[in-house]
Amino acid sequence: EYLMAEKTKGVTAELLRKIGKVYVMKGDFFQAKKYYDRYFSAYDSEPDAEVLLDYLQIAVEQGRAGDTTTMIHALEEILQIDPSYSLGRYYFDLGEFYYRQADYRKAIAYYLRGMPLYGELDNRARHLFYLAESYEKLEDYFNAFLYFDQFVILYPDHPQVEQARWHRGSCCYPLAQEMFDRGDIEQSFY
């Protein structure tokens, strides 16, 4: 009926939203995203919490289906529509995606929005390690040291703890050099 209305009465933002919702309910997330994309680009659309929740469901289901690219784009579109919308644990999916793309600034930004690392989040240790390593790649040795140190404290039995200790140590030399150059001999020695 909605598709018939689209052909006979023309397209409105409300109609696009309703068609998208039906496709979400049917589990056809590819078609749902297509209609929601058109809805979000309509001049008279008013994305509210319910439609953003549907869009989040599309992102999650596409990710489960192995379509990571669509998931990432959908999650970022939600934040473009409503920057204050909380993606919860999905910030870590965004962080890991950009970490693997070597876009460390974006990875850090998303990891920090998802902090703290608590609750039912899978692979908390991995995310903390990637966050620390992202700072190290950007030569922000102070923050890298702090997060590697936190990793060592929180996960002393983790298989990567020795690697984290090594990274933490490798961050110390540039920090010591920086403190020495500032004339802070005590902190440099520490």
Side-chain angles (χ1 to χ4, degrees), residues 2-3 6 11 13 15-42 45 47-138 144 147-148 151 154-155 157-161 163-164 167:
Y2 287 144
L3 292 173
E6 181 183 17
V11 177
L15 182 59
L16 292 170
R17 178 179 175 161
K18 288 178 180 178
I19 295 171
K21 178 69 175 179
V22 171
Y23 278 120
V24 167
M25 294 170 73
K26 287 181 63 170
D28 187 344
F29 298 104
F30 178 78
Q31 286 292 350
K33 184 175 182 324
K34 192 169 98 175
Y35 277 94
Y36 273 131
D37 286 347
R38 288 176 60 198
Y39 166 74
F40 289 134
S41 64
S45 67
D48 57 30
E50 184 182 329
V51 75
L52 290 175
L53 187 60
D54 283 342
Y55 208 63
L56 178 60
Q57 184 181 353
I58 292 167
V60 170
E61 294 300 329
Q62 289 300 104
R64 284 186 189 147
D67 187 357
T68 307
T69 304
T70 299
M71 178 185 79
I72 296 301
H73 287 292
L75 291 172
E76 289 191 316
E77 286 169 15
I78 290 169
L79 294 175
Q80 285 179 352
I81 294 162
D82 182 359
S84 65
Y85 193 84
S86 177
L87 296 177
R89 66 167 298 281
Y90 297 104
Y91 284 121
F92 298 102
D93 292 324
L94 287 164
E96 186 171 345
F97 176 80
Y98 283 108
Y99 169 83
R100 294 189 186 285
Q101 300 294 315
D103 188 341
Y104 301 113
R105 289 190 195 291
K106 270 191 169 179
I108 289 168
Y110 285 125
Y111 277 133
L112 292 180
R113 281 193 76 177
M115 290 299 231
L117 292 162
Y118 65 90
E120 298 300 315
L121 179 66
D122 295 334
N123 304 311
R124 287 181 291 184
R126 183 180 73 213
H127 295 304
L128 184 57
F129 191 89
Y130 287 169
L131 174 60
E133 204 169 36
S134 295
Y135 274 116
E136 187 179 27
K137 297 281 189 188
L138 295 175
Y147 285 111
F148 281 125
F151 182 93
L154 292 175
Y155 306 106
D157 299 327
H158 193 276
Q160 284 185 296
V161 75
Q163 191 176 1
H167 281 284

Taking side chain as C-beta onward, heavy atoms only, is [X] less than 4.5 Å from [Y]?
X	Y	result
L52	L56	no
L128	Y155	yes
V60	R64	yes

- [ ] Start with the C-alpha gap between R17 and E50, add the side-chain angles, then the distance that decides, and say whether side-chain contact (heavy atoms from CB on, under 4.5 Å) holds.
- [x] CA-CA 11 Å; R17 178 179 175 161; E50 184 182 329; 4.1 Å; yes
- [ ] Taking all heavy atoms of S134 and all of Y99, pick out the closest pair and write down the distance.
- [x] OG-CD1, 3.4 Å
TODO: Considering non-hydrogen atoms only, spot the tightest contact between K33 and A74 and give its length.
DONE: CE-CB, 4.2 Å
Task: Any pair counted as ring pair (Phe, Tyr, Trp, His ring centres under 6.0 Å), so long as it reaches residues 52-73, sequence neighbours left out - done: F40-Y55
Contacts of type side chain to side chain donor-acceptor pair (under 3.5 Å), residue [X], not counting sequence neighbours:
X	value
Y91	R113
D82	S84
Y135	none
Y36	D54

Open item on the list: According to salt bridge (charged side-chain N to carboxylate O under 4.0 Å, His left out), who are the partners of R100, at least two apart in sequence or on a separate chain?
Closed with: E96
- [ ] Just jot down the salt bridge (charged side-chain N to carboxylate O under 4.0 Å, His left out) partners of D67, sequence neighbours excluded, or say none.
- [x] none
Within this structure, what is the [atom1]-[atom2] distance for the pair [X] and [Y], rounded to the nearest 0.5 Å?
X	Y	atom1	atom2	value
L75	L87	CG	CG	5.5 Å
E77	Q80	CD	CD	6.5 Å
R126	H158	CZ	NE2	9.0 Å
L138	I108	CG	CD1	4.5 Å
I58	D37	CD1	CG	8.0 Å

Open item on the list: The test is side-chain contact (heavy atoms from CB on, under 4.5 Å); show your working for L131 and L112 and say whether it passes.
Closed with: CA-CA 8 Å; L131 174 60; L112 292 180; 4.2 Å; yes
Under the side-chain contact (heavy atoms from CB on, under 4.5 Å) test, residues paired with [X] that sit two or more places apart:
X	value
A109	none
A164	F129, F148, F151, V152
Y98	I72, E76, D103, K106, A107, Y110

Task: Qualifying residues under ring pair (Phe, Tyr, Trp, His ring centres under 6.0 Å), relative to Y85, sequence neighbours excluded - done: none
TODO: Just grab all the salt bridge (Lys or Arg N to Asp or Glu O under 4.0 Å) pairs involving residues 127-137, residues at least two apart or on different chains.
DONE: none
Task: Geometric class of the Y35/Y23 ring pair [parallel <30°, tilted 30-60°, perpendicular >60°] - done: parallel
